[in-house]
Amino acid sequence: MHIAEGFLPPAHAVAWGVASAPFVVHGARSLVRDVREHPESTLLLGASGAFTFVLSALKLPSVTGSCSHPTGTGLGAILFRPPVMAVLGTITLLFQALLLAHGGLTTLGANVFSLAVVGPWAGYGAYRLLRRYGVPLMGAVFCGAFVADLSTYCVTSVQLALAFPDPGSGFLGALGKFGSIFAVTQIPLAVSEGLLTVLVMRLLVQSSKGELTRLGVLVTSAAGGKRAESAEAVAR
């Protein structure tokens with residue numbers, strides 16, 4: 001997913017930076033507010049950021065100028081909502097660009113837009129939709145992480161196709177080529193990330209039930225005679 005330093009034309013790099021900026025600013029305000037109101041969430045917030053950093057640092061060669069890897073943004077989006085992940089994802093990408101030569105500063109805006117903006121929103125949307133229709137927690141968590149991962153690469157394919165359209169078939173031809181190459185590695189990685197996120201959520205259900213309840217991930221009771229959802233039930 002990380003588009004390499006200097007790979008995008010300058011105009012594209014600037015445009016993606018401008019598109020990402022409002023989400024990061026909004027996310028920073030949300031993060032500051034959440035930490036101020038609930039300082040007890042700091043540890044779990046840091047763990048979500050570390051989860052994203054570690055998974056997104058495991059890169060595999062893929063499309064020229066980019067790479068494939070898990071994203072790790074689905075977990076944080078489910079726990080803290082997508083705006084917060086815009087900030088955590090940006091911090092992750094910045095450190096990776098500076099310390100690991102993974103991505104780059106000129107392509108930071110494009111990478112933020114795909115990994116820290118679209119991925120978390122798409123994954124969270126899938127998670128919330130499934131929960132609304134009664135899908136068990138772990139099934140919704142798997143789908144949320146899977147969608148967050150895969151949607152990131154769909155956006156990266158669009159970014160690369162816009163920057164480097166096919167000489168014969170234009171944008172659509174390039175999009176098909178980039179997307180098909182990414183799919184070879186990214187679909188298995190998305191499945192693996194979904195399973196790993198479910199495992200982590202199971203551990204959190206057992207160890208941090210109170211915090212997950214406050215965050216709205218666990219519903220301990222509901223109006224209208226609906227049954228209580230216990231930690232043991234959602235962990236199955």
Under a single-linkage rule joining Ile, Leu, Val, Met, Phe, Trp and Tyr whose side-chain heavy atoms are separated by less than 4.5 Å, which residues share a cluster with Val135? Leu130
Flag yes if Val35 and Leu79 sit in one hydrophobic cluster, no otherwise; membership is Ile, Leu, Val, Met, Phe, Trp, Tyr, and two members link when side-chain heavy atoms are under 4.5 Å apart. yes
Roughly how far, to the nearest 0.5 Å, is the CD atom of Gln96 from the CG atom of Leu115? 8.0 Å
Let me check something: do Tyr127 and Leu203 share a hydrophobic cluster, defined by ILVMFWY side-chain heavy atoms less than 4.5 Å apart, either directly or through other members? no
Arg214: what forms a salt bridge (Lys or Arg N to Asp or Glu O under 4.0 Å) with it, not counting sequence neighbours? Glu40, Glu211
According to ring pair (Phe, Tyr, Trp, His ring centres under 6.0 Å), does anything in residues 80-104 pair up with another residue at least two apart or in another chain? List the pairs. His2-His102, His69-His102
Measuring from atom OG1 of Thr156 to atom CZ of Phe182, what distance do you get when rounded to the nearest 0.5 angstrom? 5.5 Å
Check: Phe164 ring centroid to Phe7 ring centroid under 6.0 Å: yes
How long is the span from the OG1 atom in Thr92 to the CG atom in Asn111, to the nearest 0.5 Å? 12.0 Å
Is it the case that atom CG in Leu129 sees more than 12 heavy atoms from other parts of the structure closer than 6.0 Å? yes
Is it true that Leu44 and Val32 fall in one hydrophobic cluster, defined by side-chain heavy atoms closer than 4.5 Å? no
Separation of Leu212 CG from Leu137 CG (nearest 0.5 Å): 8.5 Å
Smallest heavy-atom separation, Val112 atom then Ser20 atom, equals CG1-CB, 3.8 Å
Heavy-atom closest contact (Leu105 atom, Glu5 atom, distance): N-OE1, 2.6 Å
